[in-house]
Amino acid sequence: MDENAITRLRDKKDAEIKELQGRLDKAESEAIRSGNKAYSEHQRAESAENQVREMLGIPEIKEIWESIQQKKEAFSKQIDKWIEDGVAAIRDYAYGKDNDFQPKQGNAVAWGIIAEAFRYGLDPTDEKQRRMATAYLLEEVSWTGMSEFKAGLTASRTRQLCDAMTVTKDLMANLLLSAGGRSGISTGGGGSNDELTNWDGTKKKTGWGI
């Protein structure tokens, strides 16, 4: 190899080494920044935890905090109950002889749909998202022991109920307050169970805020 070839090869290797060194320096710099950021976040979290601990040392604040946690837990259990009742109502309809859901069944299914929306972070006031929640509710149902026709009919009736529902922003605002432990469980509207079952589109009352 002539001297020029050796020089070119050395320059090429030097360039490669320089590039690798630059990448290594960048990686080390990012690691240091990440470490500093993680330490800073840890410090903030520790400071916030200390503040909470100090606040909970005040009896009045501790009482409020415990009340909020209890309400949040109660709401979580209510969500599970609404879904359980909705699934049971769908099964009852599937094994019955009625052409449509009876009011009590429809009410349970409607609240089951809303509960599924809460569970998956969906907005049941939005028709598309409410349909997604309905699909999740139907997935909870065991279709064992029923014909394919009856299972399909039941699912169709459930989706029809979903399409006929109107869930208001006010109702959701009340439920969100309950979910955050800032109020007791409220279904809004001040209506009776019958007023909440406006799933057939024939009677417009409160409850769903219609």
Side-chain angles (χ1 to χ4, degrees), residues 70-181 183-210:
Q70 290 171 3
K71 289 176 181 177
K72 288 171 70 174
E73 183 178 354
F75 185 81
S76 179
K77 290 180 179 179
Q78 182 63 64
I79 288 292
D80 293 339
K81 185 67 165 58
W82 278 332
I83 292 173
E84 179 184 333
D85 290 348
V87 169
I90 292 172
R91 289 280 296 179
D92 287 344
Y93 168 78
Y95 281 106
K97 297 181 179 179
D98 296 316
N99 289 328
D100 290 309
F101 286 108
Q102 293 301 300
K104 187 175 180 180
Q105 290 175 328
N107 187 65
V109 174
W111 280 109
I113 292 171
I114 289 178
E116 287 286 8
F118 259 90
R119 176 179 284 181
Y120 288 97
L122 301 171
D123 179 5
T125 66
D126 177 80
E127 184 177 357
K128 183 177 180 180
Q129 294 186 57
R130 192 167 65 248
R131 288 177 179 175
M132 292 173 63
T134 302
Y136 286 129
L137 183 65
L138 288 170
E139 287 178 1
E140 302 269 359
V141 179
S142 171
W143 305 103
T144 303
M146 74 180 68
S147 67
E148 184 176 343
F149 169 78
K150 196 59 187 285
L153 176 63
T154 301
S156 177
R157 287 285 186 266
T158 303
R159 286 189 285 268
Q160 287 174 4
L161 185 153
C162 165
D163 291 341
M165 286 171 59
T166 301
V167 185
T168 68
K169 295 290 185 181
D170 286 343
L171 175 62
M172 296 312 300
N174 289 334
L175 293 179
L176 285 169
L177 285 174
S178 298
S183 70
I185 297 172
S186 171
T187 53
S192 66
N193 283 345
D194 288 343
E195 290 175 324
L196 289 173
T197 54
N198 191 27
W199 51 269
D200 60 2
T202 57
K203 192 174 290 187
K204 304 295 184 182
K205 291 187 178 181
T206 57
W208 295 120
I210 304 171

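Please read all numbers here as calculations on a predicted model, not as lab measurements.
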Rounded to the nearest 0.5 Å, the CD atom of E148 sits from the CG atom of L153 at a distance of 12.5 Å

Would you mind writing out the side-chain donor-acceptor pairs for residues 113-123 within the sub-3.5 Å range, not counting sequence neighbours?
from, atom 1, to, atom 2, distance (Å)
R119, NH1, E140, OE2, 3.2
R119, NH2, D80, OD1, 3.0
D123, OD1, T125, N, 3.0
D123, OD1, T125, OG1, 2.7
D123, OD2, T125, OG1, 2.9
D123, OD2, K169, NZ, 3.2

message = Over 60° means perpendicular and under 30° means parallel, so tell me whether W82 and W111 are parallel, tilted or perpendicular.
response = parallel

In this structure, CD of Q160 is separated from OG1 of T134 (nearest 0.5 Å) by 12.0 Å

Residues at least two apart in sequence or cross-chain that pass salt bridge (Lys or Arg N to Asp or Glu O under 4.0 Å) with K81, listed by chain then number, are D85

TODO: Could you tell me whether a side-chain N or O of Y93 sits under 3.5 Å from a main-chain N or O of N99, the two making a donor and an acceptor?
DONE: yes

Is it the case that the side chain of S156 and the backbone of G152 share a donor-acceptor pair, with hydrogens and angles ignored and the cut-off at 3.5 Å?
no

query = So, R157 side chain and F101 main chain: donor-acceptor pair closer than 3.5 Å or not?
reply = no

CD (E84) and CD (Q78) are apart, to the nearest 0.5 Å, by 10.5 Å

(message) Evaluate W143 against V141 for side chain to side chain contact (heavy atoms under 4.5 Å, CB included), listing each step before the verdict.
(response) CA-CA 6 Å; W143 305 103; V141 179; 3.8 Å; yes

Main-chain N/O of A179 paired with K72 side-chain donor or acceptor, under 3.5 Å: no

Can you tell me if Q129 uses its side chain to pair, donor with acceptor, with the backbone of D126 under 3.5 Å?
no

